[in-house]
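Below is one structure, written out as structure tokens, with a few remarks after it.
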Amino acid sequence: MQLSDDLITTREVLDWKGLHLLHFQGSTCSQKVRILLAEKGIDYASHPVDLPGHENTRPRFLGINPRGVVPVLVHDGVVHVESNDILEYLDGLPSELPSFFPRDEAESRWVRESLDLEDGLHMDLRTLTMGFVVPGRLARKSAKTLDAFARSGAPDAARDREVAWWRNFAENGIPAEQARASAAAYAHAFEGLEKRLQDRPWLIGDRISVLEIAWFISLHRLGLAGYPLARHPRLERHYATLCERPSFAREVAQPGLMGLGLRAYGHYRRLSKTRLCDVL
Ligand SMILES: N[C@@H](CCC(=O)N[C@@H](CS)C(=O)NCC(=O)O)C(=O)O
């Protein structure tokens, strides 16, 4: 989705030439876009956005994307948001490498439906991430941050929903019931993918596609949360195969101190039996 110029108050980006990606290493939606860029060998200027430091809630970032989320692609001064739309846009750029989107009309329709389903589960992914992957104290946004987030930037219904989600999370955390509902929504989606893999090696067509990228990211994040992926054995094998692709492994890796902290937290949740599989 392309944002119109009049929403962009951080005007400098309108002069940026070439491809620029505003993203965060640990953001699932950013990971999807970076994998496609890597798979297609597309060069870009990287602009990390500090989500844990709430950089996305401040006026400079909201002047680029009033929704207050990453990723954002800026191509020759034009701002694109929504990771799945960005994937399609990038895939359509001139390239000698094969497309990740099928040409066939029926297949394209199915891909669109599957991507919409994946996008529709994003709040469930956030629920499970904030409930089981990121320590609560790191994940929460203060009332002051949320008030400023709500007030800054152009009015935007999607940002209002963001603010409401974070307020609710700050007040209630992630109750087990909410975690179970999110896991059930994923289980339903994964059952559909499991069926598709019954008689074919790829989710669509005869090679890797955008669906492998999009669903890989969810599978990886749910695995970190402690989702019992063994319930979907073909999908689990498919996921393991994708993990061997260097671009996939690299873009979900968590290097540095942040990665160390998250791995330690993961061990703690395992030892204290408070992973997602322990509440299902
Ligand atoms: N539907 C959007 C969702 C974008 C989204 O929610 N991004 C997350 C990171 S994966 C974000 O920026 N969260 C803001 C925050 O953590 O405050 C997309 O696909 O791009």
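Atoms within a ligand are numbered from 1 in the order they appear, just like the ligands themselves. Computed from a predicted structure; not experimentally measured.
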Problem set entry | Distance-only side-chain donor-acceptor flag, Y186 / H232, under 3.5 Å | no
Exercise answer: donor-acceptor pairs, residues 122-130 side-chain atoms, under 3.5 Å, sequence neighbours excluded:
| from | atom 1 | to | atom 2 | distance (Å) |
| --- | --- | --- | --- | --- |
| D124 | OD1 | S182 | OG | 2.7 |
| R126 | NH1 | E162 | OE1 | 3.1 |
| R126 | NH1 | E162 | OE2 | 3.4 |
| R126 | NH2 | E162 | OE1 | 2.9 |
| R126 | NH2 | E162 | OE2 | 3.3 |
| T127 | OG1 | M123 | O | 2.9 |
| T127 | OG1 | Q178 | NE2 | 3.4 |
| T129 | OG1 | L125 | O | 2.7 |
| T129 | OG1 | R221 | NH1 | 3.1 |

Exercise. Is it true that a side-chain atom of R234 and a backbone atom of E194 form a donor plus acceptor pair closer than 3.5 Å?
Worked result: yes
Exercise. Honestly, is R140 close enough over F169, meaning NZ or CZ under 6.0 Å from the six-membered ring centre and within 45° of the axis?
Worked result: yes
List, for ligand 1, each N/O atom that has a protein N/O partner under 3.5 Å away, with both atom names and the distance.
| from | atom 1 | to | atom 2 | distance (Å) |
| --- | --- | --- | --- | --- |
| ligand 1 | 1 (N) | E82 | OE1 | 2.8 |
| ligand 1 | 1 (N) | D119 | OD1 | 3.0 |
| ligand 1 | 6 (O) | H122 | NE2 | 3.0 |
| ligand 1 | 6 (O) | R126 | NH2 | 3.2 |
| ligand 1 | 7 (N) | V70 | O | 2.8 |
| ligand 1 | 12 (O) | V70 | N | 2.9 |
| ligand 1 | 13 (N) | R126 | NH2 | 3.4 |
| ligand 1 | 17 (O) | N56 | ND2 | 2.9 |
| ligand 1 | 17 (O) | K141 | NZ | 2.7 |
| ligand 1 | 19 (O) | S83 | N | 3.2 |
| ligand 1 | 19 (O) | S83 | OG | 2.6 |
| ligand 1 | 20 (O) | S83 | N | 2.9 |

For this session: Quick one: name the residues clustered hydrophobically with L271, using the 4.5 Å side-chain heavy-atom rule over I, L, V, M, F, W, Y, and just say none if it's on its own.
Result: none
For this session: Return the set of residues passing side chain to side chain contact (heavy atoms under 4.5 Å, CB included) with R109 (not counting sequence neighbours), or none when no residue passes.
Result: E105, E113
